[in-house]
Engineer: 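Below are the structure tokens for one structure; questions will follow.
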Protein chains: 2
Amino acid sequence: MGIPNESRERLVAAARDLYASQGVGATSPRQVLAASGVGQGSLYHHFPAKHDLALAAISATVADSLAAAAGELRGDRPALDRLRAYLERPRDTTNGCRIGRLTSDQAVMSDAELAAEVGSYFSGLVERLTEVFGEAGLPDGAASDRAYAALAIVQGGYVLSRALADPTAMQRAVRGFVSMLSPALEERQ
Amino acid sequence: MGIPNESRERLVAAARDLYASQGVGATSPRQVLAASGVGQGSLYHHFPAKHDLALAAISATVADSLAAAAGELRGDRPALDRLRAYLERPRDTTNGCRIGRLTSDQAVMSDAELAAEVGSYFSGLVERLTEVFGEAGLPDGAASDRAYAALAIVQGGYVLSRALADPTAMQRAVRGFVSMLSPALEERQ
């Protein structure tokens, strides 16, 4: 029973890499098969339809990314330090956000189940960031608005870096936002 | 000479609409032809290659959008009011930013001339926003960082609204950012 599961994992890993570099719509089952090195029978055994493979691959990417963000945002350090660490983490701006880019992928957004996976990533992040802004001293409504703004900075930073072919655009957007965090929080207190 | 120019304008207008709703890569010359209502000869006369039509359509959208933003950001009102007006302007989040979305369109980003058009939109906006943050009292470096952050809020707001299928996500991100503008500026002065 070990080998079929290994095949499944290799297929999902190959799909995740291809989705990250070229998108879901542009990735064919044949490409995933070639990149994974597993047999054709395995692909159709584990994932009878392209949708099934996309769901498994996107769900895995969403789960990993949420777990990584939760790890950065949790801990004993002051809330503002955790927010800074999350925002200032180095990001690969060349390919854009693995999940944010899916919002422009018609193959994803026209499939309700895949679109819901993408949504669950952002609603999970909003929830976690709202908690941390709450811990930083903001009342609920303001903490939620600030959480949306923090997420928008990261997603917009990716868009700007790609548009300007300039990795520093993300860093500048984050720096401009982070520089406002302390004075804005002090005002509240 | 009137009719050929009218055909050209109709072709460009049809291309702009189709690009906005379905992207550049997914739009065929045949679809533009059908939507424009002009004859096939006109298309190939004015735009021998798909690239030529895409360049004309994207350039026109960039010029219009930059002119609209410059209009909002110019004027005698206090700089902070103009920034708020720009950020809080209602935006159609269903289809996303006409220009920001092009950064995920492989047909655009793999064509150096089209990608440069997209870049010129964002560098034009960065320049204008940096001026206005300077008028609001920020030194040059901080004004530039804040300009990148403001643009990222809008572009990221589009991504969040699409991902969450929630038009208010954009409004929340903008509100979270705008609420930080005044205290952060007072800190500087």
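Excluded from the calculations below are hydrogen atoms, water molecules and symmetry mates; all remaining heavy atoms, backbone and side chain alike, are included. Just so it is clear: chains get the letters A, B, ... in the order the sequence lines come, proteins before strands, and each one is counted from 1.
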Engineer: Among B/Arg172, B/Gln171, B/Gln155, which has the most heavy-atom pairs under 4.5 Å with chain A?
Structural biologist: B/Arg172
Engineer: Which answer fits B/Ala115, side chain, backbone, both or neither, if we ask what part of it has an atom under 4.5 Å from a heavy atom of chain A?
Structural biologist: backbone
Engineer: Which heavy-atom pair separates A/Arg146 from B/Ser179 by the least distance, and what is that distance?
Structural biologist: NH2-OG, 3.3 Å
Engineer: As an exercise, state the distance from OG of A/Ser161 to OH of B/Tyr148, rounded to the nearest 0.5 Å.
Structural biologist: 8.5 Å
Engineer: Which answer fits B/Leu160, side chain, backbone, both or neither, if we ask what part of it has an atom under 4.5 Å from a heavy atom of chain A?
Structural biologist: side chain
Engineer: Does any non-hydrogen side-chain atom of A/Met180 lie less than 4.5 Å from one of B/Phe177?
Structural biologist: yes
Engineer: Counting only heavy atoms from other residues, nucleotides and ligands, does the tally under 6.0 Å from CD of B/Glu127 exceed 12?
Structural biologist: no
Engineer: Output the option from B/Ala169, B/Gly157, B/Ser123 having the highest count of non-hydrogen pairs under 4.5 Å with chain A.
Structural biologist: B/Ala169
Engineer: Chain A: which of B/Ala165, B/Gly119, B/Gly25 shares the most heavy-atom pairs with it under 4.5 Å?
Structural biologist: B/Gly119
Engineer: Could you tell me which of B/Val118, B/Leu164, B/Asp166 has the largest number of non-hydrogen atom pairs under 4.5 Å with chain A?
Structural biologist: B/Leu164
Engineer: Looking only at non-hydrogen atoms, find the nearest pair between A/Ala173 and B/Ala149 and report the distance.
Structural biologist: O-CB, 3.4 Å
Engineer: Could you pull out all donor-acceptor pairs under 3.5 Å where a side-chain atom in residues 67-81 of chain B meets a protein atom, sequence neighbours excluded?
Structural biologist:
residue	atom	partner	partner atom	Å
B/Glu72	OE1	B/Arg89	NE	3.4
B/Glu72	OE1	B/Arg89	NH2	2.9
B/Glu72	OE2	B/Arg89	NE	2.8

Engineer: Among residues 100-109 of chain A, which ones touch chain B with a heavy-atom distance under 4.5 Å?
Structural biologist: A/Gly100, A/Thr103, A/Ser104, A/Met109
Engineer: Relative to chain B, which segment of A/Ser144 carries a heavy atom at a distance below 4.5 Å: side chain, backbone, both, or neither?
Structural biologist: side chain
